[in-house]
Amino acid sequence: MIDKLDNKTSVKCLFWLLDINYEIKDNKPEIWMWGIDGKGKRILVIDRNFTPYFYLVLNSQENPNSVLERVREKQAEIPHIADLELTVRRLFGQPVYAIKVLCQNPESISEVVKPLSKVNGVEKCLEHDIRYSMRYIIDNNVSPCGWYEIEVNEVKNDSKIQVDKVLTAQSSPIRIDKEGLPQLKILSFYPIFYASKGSPKPNRDPVLIIATVFNTGEKKIFVAKNHDDSSVIKDFIECVKKFDPDIIAGFETNRLQWQYLIERANKHNFNLIVDRANGVPHISVYGHMSITGRINLDILDFAEELPEVKVKTLENLADYLKIDRGKQQIFIDETEYAPYWENETKRVELIKFAMERAECISQILGMMLNYTVELSKLVGLPLDHVIKAAVGFRTEWYMIREAYKVGELIPERIDRPYIPYVGGIVLSPKPGIHENITVLDFKSMYPNIMIEKNISPDTYIPPLEPDPPSGVNIAPEVGHKFRKEPPGFYKKILSNLLTAREEIRKKMSQMDSKSDEYGLLDARQRVVKVITNAVYGYTGWLGARWFQKPVAEAVAAWGRDMILSSIKMAREFGLEIIYGDTDSIFIEHQPQKIEMLCKTIKENLGLELKPDKFYQRVLFTEAKKRYCGLLSDGTLDTVGLEVVRGDWAKIAKDVQEKVLEMVLRERSVEGAVRFVKERIKKIREQKVPFTDLIIWKTLTKSAEQYEVNAPHVQAAKILTNSGWDLTVGDKIGYVITRGTGKLYERAKPYIFASYDEVDKEYYISKQVIPSALRILSLFGLSEQKLLEDEILIKPKKLTDFIG
DNA sequence: GCTTTGATCTTACCC
DNA sequence: ACGGGTAAGATCAAAGCG
């Protein structure tokens, strides 16, 4: 029993919600809300008044009251049940009777579910798989990273929780219309582990350095004495305790570093106590490490959101984000940590490198925080959960909140067989170079189709069911039916999201684009867009709680219908179509006709088709989904080609990019050919940087699970045998060496290969020539011609190829 | 016994 | 661990050939 500090009645407390978790004390659940109050005090609000529950869905043939009676009889045999309430809910839009089973303890729900699901008349149990803390968030319409007001009493901080105040809730939290973040304390850190052979091993290799950066500007660095890291880790723990950060940021912390530090600490017989409740970081949902009372953010998880960053190193990420890493950038590869450490003068550089990385993490965090906060607010998952959660789960959590508001039960997640369905249409392009091409595309095509046709899991009418009085929309080709009224669950969600984004963008248009508030709104509209666009994919995801194949199938069918209609209409207007993919058409630039076309389509199809891009010149090969266009501002827009792929050697990508520039911008095929020949010569002369020869490929399963041998798998096996820990998702960098036999037998991890053993002819004939020829074959060039010694005798003019 | 061919595996892209 | 549509290269075994 916690004593009140004084006898005053409860007071109102304004706070910003950082994190939420639950604890069981004396067999009773408590919601713990970690926050920052209006005066910047760190607080813990404990709510003991929220009862966990789940639902029993009743068979529609049964009398609900008699089922309730039977459940009551059973209740006598089962402890833990606090109460039963007969209610009406909806499941996939259908009204159902449901018994709300209130339990004393969230951990006992699973014990209650089993016997009660067997009661006659009970069809199934639902929502027992919703975590107690998430339940609290949903039912109270609370989102992390928002401001709330709550009635509280201050109590003694008996358990030495690391906060300024411990409070008990006397009411539910109420959302306050207040923008912005409190002054957060953020600690960024980067440790260096000794790597004697391959990846560092916690039972063998010590922590040499931990560099820390506070967002107050202060920096601290802890360095081991020889190989003894006990004090390094202790000093780090002390540093965390003293600075008391709200957010701890790192790089590779979730998959690697926290666990490593925990194990090293344990090896020295102490615990890595860095959280606010005197505990150790622990594994939590979606594979992240949770630090109670603080938010643990891994910059690497943020990098996963950026497909443009192919190999997710801290340096690549920083370069992509245009972070200034100073003039004297040091880069020390992991393989060199040990030799750097052993050398007195080089050790200084290693220490500097660790600090630079910590600073870099701190800067990246600053750039990603708005986005993560907005994501957390919209989706309703705490910051550290939401950044780790896959898109499908984020979308689903957003839906779960909305479902609660309209009384929809949350369906269970079930295993389903994979049955493919037909998706969007891709037209075969007209190969060659085209001038003055406009790209028209449907604005948010799939979301708008779902809205327009009221496609939703709760509006679907199965084949044998009679049509409702409101009538139905029937999907073309596939024939699925959806009731026209009332508006479905998805229609509501998507309309809200689309309107919300419009409103945010409207606000933004009247603001200074450099202001903090603008940045915040920009992050908000991006997040809204991401969730909007994810809904269609969600509907076809086998793991989705609201999975309904006809929903996904019908959306795609209507999409095909609309794009085909548009093409037909365009042709009727006398407009030539060059290419199209799913929701876009590439069309000759005739402004008046295009305007008329868009107007006609809006009137006939109810969806907006709008000009999106204009290409002065655009080049297509025979292939779909691969082209390159020259935009009005002179930049190249390269799509699908090797240039934008991460699994070609840089040398091949650079050559292709230059070829495209020469051809599209300079209109010089001759120049392109000359360039390719020069580069080939440079490769033979070993004048190309070694790093330009590395090929990166993702390991998508463990090396043994592959059915056929492949170069990157072979390279991965070599790395594993040399002591490197590889996991699924790792990018393997390898080069092809000279020799006989299969390609995979000649693949070698780049860290083990020397330039002299590289097979230059492979890079010429299998990397550079194919990627150059992808473009140049359009102009009648062949491999032989690119390999010929003399400069092209009589090149054709670019104008000969313009269609 | 050799090369050619095609199915299959694999990755990464587009929208 | 959101969907389907697509290109492309390497491997591997069957087919084709003399």
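Proteins get letters first, then strands, A, B, ... in listed order; numbering begins at 1 in each.
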Contact class for [X] vs. all strands (heavy atom < 4.0 Å): base, sugar-phosphate, or nothing?
X	result
G537(A)	base
F442(A)	nothing
V713(A)	nothing
Y627(A)	sugar-phosphate
K388(A)	nothing
G424(A)	sugar-phosphate
Y762(A)	sugar-phosphate
A552(A)	nothing
R413(A)	nothing

Any donor and acceptor pair, going by atom type alone, linking the side chain of [X] with main-chain N or O of [Y] inside 3.5 Å?
X	Y	result
D730(A)	L726(A)	no
N721(A)	K717(A)	yes
D298(A)	E252(A)	yes

Please report the C-alpha distance between R255(A) and T727(A) in whole Å, then the side-chain angles of each, then the deciding distance to 0.1 Å, and finally whether the side chain to side chain donor-acceptor pair (under 3.5 Å) criterion is met. CA-CA 10 Å; R255(A) 59 187 280 223; T727(A) 52; 3.3 Å; yes
Please give me every residue in residues 638-650 of chain A whose heavy atoms get under 4.0 Å of an atom in DNA chain B, ordered by residue number. V639(A), G640(A), V644(A), R645(A), G646(A), D647(A)
Heavy-atom contacts under 4.0 Å between residues 695-712 of chain A and DNA chain B, which residues? K697(A), T698(A), T700(A), K701(A), Y706(A), E707(A), V708(A), H712(A)
Do the side-chain N and O atoms of [X] and [Y] include a donor-acceptor pair separated by under 3.5 angstrom?
X	Y	value
Y734(A)	Q714(A)	no
T698(A)	K731(A)	yes
E502(A)	T499(A)	no
D301(A)	N254(A)	yes

What about the rings of F586(A) and F620(A), do their centers lie closer together than 6.0 Å? yes
Do F489(A) and W546(A) have ring centroids that are under 6.0 Å from one another? yes
Mind listing the side-chain donor-acceptor pairs of residues 642-649 of chain A below 3.5 Å, one per line with the distance, residues two or more places apart or on another chain?
{"residue": "E642(A)", "atom": "OE1", "partner": "Q656(A)", "partner atom": "NE2", "Å": "2.9"}
{"residue": "E642(A)", "atom": "OE1", "partner": "R774(A)", "partner atom": "NE", "Å": "3.4"}
{"residue": "E642(A)", "atom": "OE2", "partner": "R626(A)", "partner atom": "NH1", "Å": "3.4"}
{"residue": "E642(A)", "atom": "OE2", "partner": "R774(A)", "partner atom": "NE", "Å": "2.9"}
{"residue": "E642(A)", "atom": "OE2", "partner": "R774(A)", "partner atom": "NH2", "Å": "2.6"}
{"residue": "R645(A)", "atom": "NE", "partner": "D647(A)", "partner atom": "OD1", "Å": "3.1"}
{"residue": "R645(A)", "atom": "NH2", "partner": "D647(A)", "partner atom": "OD2", "Å": "3.1"}

By nearest heavy atom, map W541(A) and L427(A) onto DNA chain C; which one lands nearer the 5' end? W541(A)
Opening and closing nucleotides of DNA chain C in contact with chain A, under 4.0 Å to non-hydrogen atoms: dA1(C) to dC12(C)
Would you list the atom pairs, donor with acceptor, under 3.5 Å between side chains in residues 412-432 of chain A and any protein atom, with sequence neighbours excluded?
{"residue": "R413(A)", "atom": "NH1", "partner": "E396(A)", "partner atom": "OE2", "Å": "2.9"}
{"residue": "R413(A)", "atom": "NH1", "partner": "G543(A)", "partner atom": "O", "Å": "2.7"}
{"residue": "R413(A)", "atom": "NH2", "partner": "E396(A)", "partner atom": "OE2", "Å": "2.6"}
{"residue": "R416(A)", "atom": "NE", "partner": "L542(A)", "partner atom": "O", "Å": "3.2"}
{"residue": "R416(A)", "atom": "NH2", "partner": "A544(A)", "partner atom": "O", "Å": "3.2"}
{"residue": "Y421(A)", "atom": "OH", "partner": "Y536(A)", "partner atom": "OH", "Å": "2.8"}
{"residue": "K430(A)", "atom": "NZ", "partner": "I577(A)", "partner atom": "O", "Å": "3.0"}

Can you see which heavy atom on L597(A) is nearest to which on S566(A), and at what distance? CD1-O, 4.1 Å
Nucleotide range of DNA chain B contacted by chain A, 5' to 3', under 4.0 Å to a heavy atom? dC9(B) to dC15(B)
If the test is ring pair (Phe, Tyr, Trp, His ring centres under 6.0 Å), which one of Y706(A), W696(A), Y744(A) qualifies with H712(A)? Y706(A)
